[in-house]
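Below: the structure, in structure tokens.
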Number of protein chains: 2
Amino acid sequence: MPKPDGRRVPLNRDRVLEAGIALADAEGIAAVSMRRLGQALGVKGMALYNHVDNKQDLLDGMLDRIAEEIELPEGSRDWREGTRRRAVSAYTAFLRHPWSASLWTASITLGPARMRYLDTALRGLREAGFPPDLLDRAFHTIENHITGHALQALDFPLAPGEMRQIGEDYLRTFPAGRYPDVAAHIRHHLHHRGSGGGFEFGLDLILDGLERMRTAA
Amino acid sequence: MPKPDGRRVPLNRDRVLEAGIALADAEGIAAVSMRRLGQALGVKGMALYNHVDNKQDLLDGMLDRIAEEIELPEGSRDWREGTRRRAVSAYTAFLRHPWSASLWTASITLGPARMRYLDTALRGLREAGFPPDLLDRAFHTIENHITGHALQALDFPLAPGEMRQIGEDYLRTFPAGRYPDVAAHIRHHLHHRGSGGGFEFGLDLILDGLERMRTAA
DNA sequence: ACCTGAACACCGTTCAAGT
DNA sequence: ACCTGAACACCGTTCAAGT
């Protein structure tokens, strides 16, 4: 990225992370190698080590930027409403960046945005009166539902039209006699595409159950 | 693996898959490269291509063997009981093979054991009287809970004793002032290790909710 | 039929050298 | 202060050659 006078505007961490996200969004996380990302920034891959510690640090940094996109409702009087909005916001953030959900579950060290995410989520439950044990289980059940469903949704990374064609081709050779219920399941997905709402269905199921247990406790 | 007479007993697909699982269990999925797996079998990596199409085929094959370990209760009169046993069996299989859960969610082509798993799971719900729409959502909610929770549990792949020490060291430098609820959450996990049951807690929450909706439908 | 060696196009990472 | 070239120890995969 040469400036008018011909010299380069020097790289910085922010630009590296942004370019990493853009590259991962466009070509998948597998395309994000140090060399390839360097190339996208007009620089050799080794130059990136001036701005990130190593590749894991790069991925952690990218992921924390995704965490910044998640809405964190605070001070809502209804824990259910606040938790629901946060969960939907996290889910849609994962869908916007299809590579992010699997990194999210795999990462060990958390950046500041993810810490803030965790802290507000836990505080919301605590302030709603969940006792420690129930709080812990409630929290994990909710988080698992978010990441689990995001991963599932991303297993079919196909455009709606594309999806239908491939699905029908697939069904033609599918051993429907041996796996009749799987065949029916595929047909159901082909014909009810876009009905969506599977995520919110399960989420409400969980939140309703938790609310019942909260008032009982 | 030389025979008494000095010649090799030739490789086959089964032995390759078994060795792949053993290597992944012992040293993590990252250790499973064609060259490294070949070495574990006393052969050069290129020899494996006589028994698997490529690395993805190797991983798919390994995963289908894991699917074979999952108990599939059939003909149970109570869908809840059958589904519960299958879910717990799948969950524990993932825990036995810590690398398997993330591959499970990421794989596209399914082997025969996974097809059987899907088919019996879906049939159980259908025979219980779930209408197609509810069936589909119920199924995905359950599967997401299984894989989501397995992934979560594996994010802390530490022995109990090890866990406590590392956790306490971590807490000493943790900015508890800024993230008080995260700090409390970590403390809770350190002191209530082994209470477990988080998976089954959420599972029952989901199954109860689904049963309510089934009878209402 | 099965395995090997050499080759190709990639990886992450380090480090001395350049400006 | 920032970037590059060369190097090291790895990848998955192909293919002609060996037995």
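In what follows, every heavy atom counts, from backbone to side chain, and hydrogens, waters and symmetry copies are set aside. In what follows, chains are A, B, ... by sequence order, proteins preceding strands, each numbered from 1.
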Nearest-angstrom distance from the residue atom CZ of B:R13 to P of C:dC2: 14 Å
Taking the cut-offs as 6.0 angstrom to the six-membered ring centre and 45 degrees off its axis, would you call A:R86 and A:Y117 a cation-pi pair? yes
DNA chain C contacts among residues 44-59 of chain B, heavy-atom distance under 4.0 Å: B:K44, B:M46, B:A47, B:N50, B:H51
Separation of atom CZ in A:R35 from atom P in D:dA9, rounded to whole Å: 15 Å
What is the distance, to the nearest angstrom, from the CZ atom on A:R15 to the P atom on D:dC2? 12 Å
Could you please spell out the steps behind the salt bridge (Lys or Arg N to Asp or Glu O under 4.0 Å) verdict for A:R116 and A:D119? CA-CA 5 Å; A:R116 218 153 38 233; A:D119 207 59; over 6 Å; no
When both hydrogen-bonding distances must be under 3.5 Å and the geometry is Watson-Crick or G-U wobble, what is D:dA17 paired with, if anything? none
For the pair made of CG in B:L23 and C1' in D:dC11, what is the distance, rounded to whole Å? 15 Å
Any-strand Watson-Crick or G-U partner of D:dG12, both distances under 3.5 Å: C:dC8
Could you check, using the six-membered ring where one of them is a Trp, whether B:H145 and B:F199 have ring centers closer than 6.0 angstrom? yes
Measure CE/A:M34 against C1'/D:dC3 and give the value in whole Å, please. 14 Å
Mind telling me whether B:H185 and A:H140 have parallel, tilted or perpendicular rings, with 30° and 60° as the class edges? tilted
Taking the six-membered ring of A:W104 as reference, does the cationic atom of A:R114 (NZ for Lys, CZ for Arg) lie under 6.0 Å from its centre and within 45° of its axis? yes
Kindly give the heavy-atom pair with the smallest separation between A:W99 and A:I66, and that separation in Å. CH2-CG1, 3.8 Å
Could you please name the partner base of C:dC3, counting Watson-Crick and G-U wobble pairs only when both distances are under 3.5 Å? none
